Amino acid sequence: MKSKKFVAVALAAITMGTMAAFASCGSDGDSTGSTAEKVTLSFAGSTSVQPLMGALADAYMKEHKNVEIEVQGGGSAVGISNAQEGKGDFGMASKHVDEEGVTSVKIADDGIVVIVNKESELTNVTGAQLYDLYTTGTAIGSATLPVAREEGSGTRDAFEELVKSSSGEKLKDTETRYGKTESFSSTGAAMTKVATTKAALGYISLGSLDDSVKALTFEGVEATVDNIKNSSYTMSRPFELCYNTEKGLSEAAQAFLDFILSEEGQEIVSQEGYITVL
């Protein structure tokens, strides 16, 4: 009798343990349980796109507790290169991406605004004036120091494409045209230089503009969302995400991209001061 009782108790213990194990699997991240598996998405690239992506990531992570999104800078060239090499989930670029081996998706449009020190008397600037300052050092009023972004920056590429001389020549190769131009590797660093140097003039993303610097009108037109939409303000460019075409997107990366392009995501784009794609 004792041996039969022992066997019954042992079988009962095994059965309960097995049920507990199954219950544990269902609650610790299994696809059938209540808690989804942790996923990390990584972004790198344009420091102009970075603040917008940070805002979108924060909003998405609040709704999706199992997703962690890492956003780093480095410049558009880094974002495109990473996408070509299949590094990370997305590269960020503040220009149109047409490099081989990558697929790009526009998530917003942005203006490029010319900035000066708050003590500057300047209020407006023309393309010809900018061209002369960045190529020969010709002063624009009290602005004698041209501030640029680093080579490979999407903001710099767009600025040099859009600024033209009085004869229509595009601004290219900033450092080799005028040796005293100072280049910076991030939007924040360029803004800080202008904010702390009375003679400086630079350019940044409209969405990054704050009251530490003074924004100039360009060809008499103010850099605003409405003016960019109606094309009266001509210095604008796209914000794009890019990824390796062959590698494609993971399910989690596609879900986040869908969020960015949704009405909810584009509302955040608008709130952050950029132009929506919807």
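Because the structure is predicted, anything quoted here is derived from the model rather than measured. Index from 1, following the sequence.
- Ion pairing between a basic and an acidic side chain is recognised when a charged N comes within 4.0 Å of a carboxylate O; Glu182 and Lys193 show such pairing.
- At distances below 3.5 Å, not a single donor-acceptor pair connects side-chain atoms of Asn227 with backbone N or O atoms of Tyr233.
- Lys87 places no side-chain N or O within 3.5 Å of a backbone atom of Ala44 that could act as its donor or acceptor partner.
- Salt-bridge check for Glu161 with Lys95: failed, with every basic side-chain N at 4.0 Å or more from each acidic carboxylate O.
- Within a 6.0 Å sphere centred on NZ of Lys214, heavy atoms belonging to other residues, nucleotides or ligands number more than 12.
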Where do Ser94 and Ser46 land on the side chain to side chain donor-acceptor pair (under 3.5 Å) test, with the steps shown first?
CA-CA 6 Å; Ser94 52; Ser46 169; 3.2 Å; yes
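- Checked against side chain to side chain contact (heavy atoms under 4.5 Å, CB included), Ala253 has the following partners two or more places apart in sequence or in another chain: Leu41, Asp89, Phe90, Leu249, Ser250.
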Full working for side-chain contact (heavy atoms from CB on, under 4.5 Å) between Glu150 and Arg156:
CA-CA 7 Å; Glu150 80 286 3; Arg156 170 171 159 165; 5.6 Å; no
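- Asn244 places no side-chain N or O within 3.5 Å of a backbone atom of Val102 that could act as its donor or acceptor partner.
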Intermediate values then yes/no, side-chain contact (heavy atoms from CB on, under 4.5 Å), Phe43 and Val49
CA-CA 10 Å; Phe43 291 69; Val49 181; over 6 Å; no
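- With 3.5 Å as the limit, one finds a donor-acceptor pair spanning the side chains of Thr47 and Arg149.
- Applying the salt bridge (Lys or Arg N to Asp or Glu O under 4.0 Å) test to residues at least two apart or on different chains, the pairs with a partner in residues 237-256 are Asp110-Arg237.
- Aromatic ring centres of Tyr134 and Tyr178 lie farther apart than the 6.0 Å criterion allows.
- What you find for Leu122 and Ala143 is that their closest heavy atoms are CD1-CB, 3.9 Å.
- For Asp132, there are no salt bridge (charged side-chain N to carboxylate O under 4.0 Å, His left out) partners at least two apart in sequence or on another chain.
- In this structure, OG on Ser208 lies 7.0 Å from CE on Met191, to the nearest 0.5 angstrom.
- The pair Asp109-Lys106 meets the salt-bridge criterion, with a side-chain N (NZ, NE, NH1 or NH2) lying under 4.0 Å from an Asp/Glu carboxylate O.
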